[in-house]
Amino acid sequence: MTPEVAHGTRVTLSDSTYLKDLIDGAVTTFAVVSGVAGAGLPSSIIIILGIANLIADGFSMAVSNFLGNRAENQAMDKQGRSAVARKSSLRAAWVTMIAFVIVGAIPLLSFVTNWVVPGTIANPFLWSSLLTGIAFFAVGASKSRFVLQHWVLCGFETLAVGGIAAGLAYGIGLILEGLA
C-alpha cells in the first residue's frame, strides 16, 4: 500500500526519487560493516555500528528530505505556483527512512543471524558481501525504469560504486586495525 500525497499522487519505494535512498542505505551500512570487518573487530561491533548507522543516517536523510521538500513547497507558494506539484514533506521523509532502513539492513542480516543463533553462518562477512552485492545490483537494475540505460548496465554500475565504497572502507579498516 502506498501513502496518498496531496492531490492524488502517490509516493512509492519504486519512485525514482527514492532510488538514491535505497542505494545509500546499502552503501553506507555496508561501508561501516566493511570497515569494521577490515579492522578485524568482533561481529558485535559490526552489529552495534551498523544499527547505529541505520538509525542515525536514515533519520538524517529523512529529515533532509523533509526540509528539502518543505522548502520546495514554500518556494512554490511564494511564486504562486499551483499546489498540484506540492509534495507531502512528512510522507516523503517517512518513505526515505523506510527505504534506507530496509535496504540498509541487508548487510547486517548475516551478523544478526549469527548473533541470534551462534555458529549458523561460518563467514558472516562473506554472506553480507554476497547479499549486499545482490541488493546493489537489484536496486541499480531497477533504476533502468527511469533512465535510458540497460538494466544490466545500471545494475553493474551500482554494484561497482557500492563495491568501491566498501573496498575503501575495508582498506581503511585494515590500515587502522592496530588502533583497536
Side-chain angles (χ1 to χ4, degrees), residues 13-65 93-147 149-180:
L13 288 178
S14 63
D15 284 346
S16 63
T17 56
Y18 298 103
L19 280 171
K20 65 184 183 300
D21 303 328
L22 293 168
I23 293 167
D24 194 35
V27 171
T28 59
T29 304
F30 190 57
V32 168
V33 168
S34 297
V36 177
L41 298 174
S43 293
S44 60
I45 301 298
I46 291 173
I47 294 169
I48 292 167
L49 292 178
I51 291 173
N53 174 74
L54 275 179
I55 303 305
D57 209 0
F59 175 79
S60 172
M61 289 191 56
V63 168
S64 296
N65 197 344
W94 276 109
V95 172
T96 294
M97 178 81 171
I98 291 166
F100 187 92
V101 170
I102 287 172
V103 178
I106 292 171
L108 298 172
L109 290 176
S110 59
F111 293 98
V112 171
T113 300
N114 242 16
W115 176 68
V116 173
V117 184
T120 305
I121 299 172
N123 188 342
F125 183 63
L126 173 65
W127 281 100
S128 177
S129 301
L130 291 172
L131 292 172
T132 305
I134 291 167
F136 285 157
F137 187 85
V139 171
S142 70
K143 180 178 73 169
S144 70
R145 293 180 48 207
F146 308 102
V147 298
Q149 195 175 17
H150 193 273
W151 67 271
V152 173
L153 197 56
C154 286
F156 278 118
E157 178 182 61
T158 302
L159 177 61
V161 169
I164 291 168
L168 289 169
Y170 189 86
I172 295 299
L174 281 173
I175 292 168
L176 300 177
E177 181 178 6
L179 294 177

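Hydrogens, waters and symmetry mates play no part in the numbers below; they use all other heavy atoms, side chains included. None of these values were measured; they are calculated from a predicted model.
When all heavy atoms of Thr120 and Asn114 are compared, the closest pair comes out as N-OD1, 3.0 Å. The two atoms that bring Cys154 and Gln149 nearest to each other are SG-OE1, 3.3 Å, heavy atoms only. Closest approach of Ala165 and Val27 over heavy atoms only: CB-CG1, 3.8 Å. Ala135 and Ile106 get closest at one heavy-atom pair: CB-CD1, 3.7 Å. Asp57 approaches Asp24 most closely through the heavy-atom pair OD2-OD2, 4.5 Å.
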For residues 32-46, run the donor-acceptor check on the side chains, cut-off 3.5 Å, and write out each pair with its distance to 0.1 Å, sequence neighbours left out.
unit_1 : atom_1 : unit_2 : atom_2 : d
Ser34  : OG     : Phe30  : O      : 2.8

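Put simply, CG on Leu49 and CG on Leu54 are 11.5 Å apart, with the number rounded to the nearest 0.5 Å. Within the model, atoms OG1 of Thr29 and CD1 of Ile51 stand 10.0 Å from one another, a figure rounded to the nearest 0.5 Å. A distance of 11.5 Å separates CD1 of Ile23 from CG of Leu159, quoted to the nearest 0.5 Å.
The side-chain heavy atoms of Ile172 and Leu168, taken from C-beta on, include no pair separated by under 4.5 Å. In this structure, the side chains of Phe111 and Trp127 stay at 4.5 Å or more apart for every pair of heavy atoms.
Partners of Phe156 by ring pair (Phe, Tyr, Trp, His ring centres under 6.0 Å), not counting sequence neighbours, listed by chain and number: Phe137. Partners of Leu174 according to the side chain to side chain contact (heavy atoms under 4.5 Å, CB included) rule, which considers only residues two or more places apart in sequence or in another chain, are Tyr170, Glu177.
At distances below 3.5 Å, at least one donor-acceptor pair connects side-chain atoms of Ser129 with backbone N or O atoms of Phe125.
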